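Written out below as C-alpha cells is the structure these notes cover.
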There are 2 protein chains.
Amino acid sequence: MARPQTTRKKRANGVESRQRILDAAVEIAGERGYEGTSIAAVSAKCGLPASSIYWHFKDKDDLIAAVIERSFGTWLAAVELPDEAAGTPVERAAHMAAGVARSLLEAPDFLRLGLMLALENRPTEPRGRTVFLQVRDIAARKITDVVTELFPDLDEEAVRLLTTYAVAGADGLFVQREIQGEAVDLVAMFEFHARMVHDAALNLAARPTT
Amino acid sequence: MARPQTTRKKRANGVESRQRILDAAVEIAGERGYEGTSIAAVSAKCGLPASSIYWHFKDKDDLIAAVIERSFGTWLAAVELPDEAAGTPVERAAHMAAGVARSLLEAPDFLRLGLMLALENRPTEPRGRTVFLQVRDIAARKITDVVTELFPDLDEEAVRLLTTYAVAGADGLFVQREIQGEAVDLVAMFEFHARMVHDAALNLAARPTT
DNA sequence: CTCCTGCTGTAGCGATCGCTACAATTGGAA
DNA sequence: TTCCAATTGTAGCGATCGCTACAGCAGGAG
C-alpha cells in the first residue's frame, strides 16, 4: 500500500476521462444506434474534445466495441447467479430467471445495444457486434449446462431446442419491456418463462424426441 | 377499362421508380440502420438521382416510414392466416404460428427494420418507429382475440400475460433466426412456441390467477 | 531546475451528410 | 403543333462527418 508500485498514481484524469467518454457514448449509442453515434455528440456530452476520445480509443469502431465490453461487464456484475443449491428444479430455474431479469432492469445497455448491432448486418461487421455475439454465445452455453444438469435424461437435440427457446424468450421479453416500458413486469415474465421451459423439459424427458 | 379514368396512365416511370427507391432503401436500412441509410447510398443503389428521391418522398424520415409501411404490406400479404375451422385448439394455434413463421422467412424486412427502430429511443422519434409500434399493437390485439376465442374462461389478466408472452416469443425466435441463420428452424420453433402458449393457457384456465 | 509522459485544447483536413434550386426531358392533353 | 405536368439530371449549398496534426499544459522522475 505504501509504495507507488507502478508508474500510474492518481495523476490528473485519464481513467476517469475514459469512463466519462464511455458513459456519454453508451447513452448516445442507445438512443441513435451505431452510425448515429457521432464523435462530436459524444464529445459534447462528456465535455472532452474529440482529440481526447481519439487518445483513449483507436477509432469509432473501437469506441463502440469498448462500450459493449464495459456494459457487458456491468451487466455481469449485476447478475450474481444464486448458489446452486436450494429447492426443486422449477424453483431453481425460476429463481435464476428472476435474477437475470433484475440484472437486465438494472443494466439494460448491454442487451439493448447488442441487439441493435446484431440486427444490422453490414458487409463489414463492426467489432462491437462480434464481441456481443461471442458473449451471447457463452451465455447460451451456460444455459445449456444448466439444462443438462437439471434434466440429464434429455438428448442433445432436446437440449438445443430448449436452449434456443430459453434465449429467445429472454430476448423477446426484454424487447417487450423496452417497447412497452413499465407495463411489462420483467421479473414476473422471466419467472413465467422459466416455468414454461421447465415444463417443456419435463415433457421432452418423458417421451424423447417428438 | 376503356376510359383513361384518372389522369395517370402508364406514362414513363413514376410508380416503378418509387418501388426501385424503396427496394434500395429497404436493403440499405436493413444493413446499416436508420442513420446509416444515406440518401446518396440509396441513390447509388437504385440508379436514380437524389432529386428523384426527394420528389417521391418529403425527406429521409418520410422515406424510412414508407419503407416500413411497404415492408409491412408485403409481410401482411405473406401471412394469409388459415380459415378458422379445422382441428383442436393446439393444432389451430400451431398451424397459425407456422404460417406466421413462414411469412417472416419470406418477408423478414418488416420485423427486422421495425425492431431496429424500436430498440432505439431518440428524443425525437422517427415516424417509421411510430408506424411500426402501431402496426405491432394491432397484431398483438389479434393474438388477444385468438386467445380469448380459444380459451373463453381465461380472465383478462391471464390473456394479457399470454399475449405478451406469445409476442415476445415470436420476436425472440425471429432474432435468434436473424443471428444464427439457417441453424434455427423458424417454423418448427414457432410451432413449439404455439404449443407452449397453448399448454400455459390450459393451466391458467384450470386454476385462475396464480 | 530539466525532461518526459499523459492528457487536453485548437484548428482544420477532405469527405459526406441531408436537402434544394433549377434546367432539361418527355409523354399526354388540347 | 403548343402546352402542361411529371420526372430526371446537374450543381451545389451549409453543416456535419471521422479523423489528424500539433501545440499547450500539467505533474512526477532525474
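Note that this is a predicted model, so its numbers are computed, not measured. First the proteins, then the strands, lettered A, B, ... as listed; each starts at 1.
Taking every heavy atom of both residues into account, A:A98 and A:V187 meet most closely at CB-CG1, 3.9 Å.
The shortest distance between side-chain heavy atoms of B:L173 and B:L104 does not fall below 4.5 Å. The side-chain heavy atoms of B:I68 and B:V135, taken from C-beta on, include no pair separated by under 4.5 Å.
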Show me the donor-acceptor pairs, under 3.5 Å and distance only, between side chains in residues 174-182 of chain A and residues at least two apart or in other chains.
unit_1	atom_1	unit_2	atom_2	d
A:Q176	OE1	B:R136	NH2	2.6
A:R177	NH1	A:V184	O	3.1
A:E178	OE1	A:R112	NE	2.7

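Where the helix from C:dC1-D:dG30 to C:dA30-D:dT1 starts and where it ends, the local axes point in directions that differ by 10°; five pairs per end, rounded to 10°.
Tested against A:L154 for a side chain to side chain contact (heavy atoms under 4.5 Å, CB included), the candidates A:T148, A:L162, A:L161 yield a single pass: A:L162.
If you measure from atom CG of B:D61 to atom P of C:dC17, you get 17 Å, rounded to the nearest angstrom. Look at CZ on B:R18: it is 17 Å from C1' on D:dT8, rounded to the nearest Å. Computed from coordinates, the A:I21 CD1 to C:dG9 P distance equals 11 Å when rounded to whole Å. Rounded to an integer number of Å, the gap from CG of A:N13 to C1' of C:dG9 is 14 Å.
Remark: A:L48, A:P49, A:S51, A:S52, A:W55, A:H56 in residues 41-60 of chain A come within less than 4.0 Å of DNA chain C through at least one heavy atom. The stretch residues 117-132 of chain B has no heavy atom under 4.0 Å from DNA chain D, so no residue of it qualifies as close. For the contact set between residues 22-35 of chain B and DNA chain C, defined by any heavy atom under 4.0 Å, there are no members.
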Original post:
Stepwise, does the side-chain contact (heavy atoms from CB on, under 4.5 Å) test hold for B:I39 with B:L63?
Top reply: CA-CA 10 Å; B:I39 301 296; B:L63 171 62; 4.3 Å; yes

**OP:** Decide side-chain contact (heavy atoms from CB on, under 4.5 Å) for A:R127 and A:D62; before the verdict, give the C-alpha distance in whole Å, the side-chain angles of both, and the deciding distance to 0.1 Å.
**Re:** CA-CA 7 Å; A:R127 259 190 60 210; A:D62 190 40; 2.8 Å; yes

**OP:** Could you go through the side-chain contact (heavy atoms from CB on, under 4.5 Å) check for B:F151 and B:V159 one step at a time?
**Re:** CA-CA 9 Å; B:F151 304 93; B:V159 172; over 6 Å; no

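When the side-chain contact (heavy atoms from CB on, under 4.5 Å) test is applied to A:A93, the partners found at least two apart in sequence or on another chain are A:A194.
Between A:E191 and A:R195 there is no salt bridge, since no side-chain nitrogen of the basic residue lies less than 4.0 Å from a carboxylate oxygen of the acidic one.
Rounding to the nearest 0.5 angstrom, the gap separating the SG atom in B:C46 from the CG atom in B:L22 is 9.5 Å.
The local environment of CZ in A:R122 is crowded, with over 12 non-hydrogen atoms from other residues, nucleotides or ligands closer than 6.0 Å.
Ring orientation note: the planes of B:F72 and B:W75 are tilted relative to one another, at an angle of 30° to 60°.
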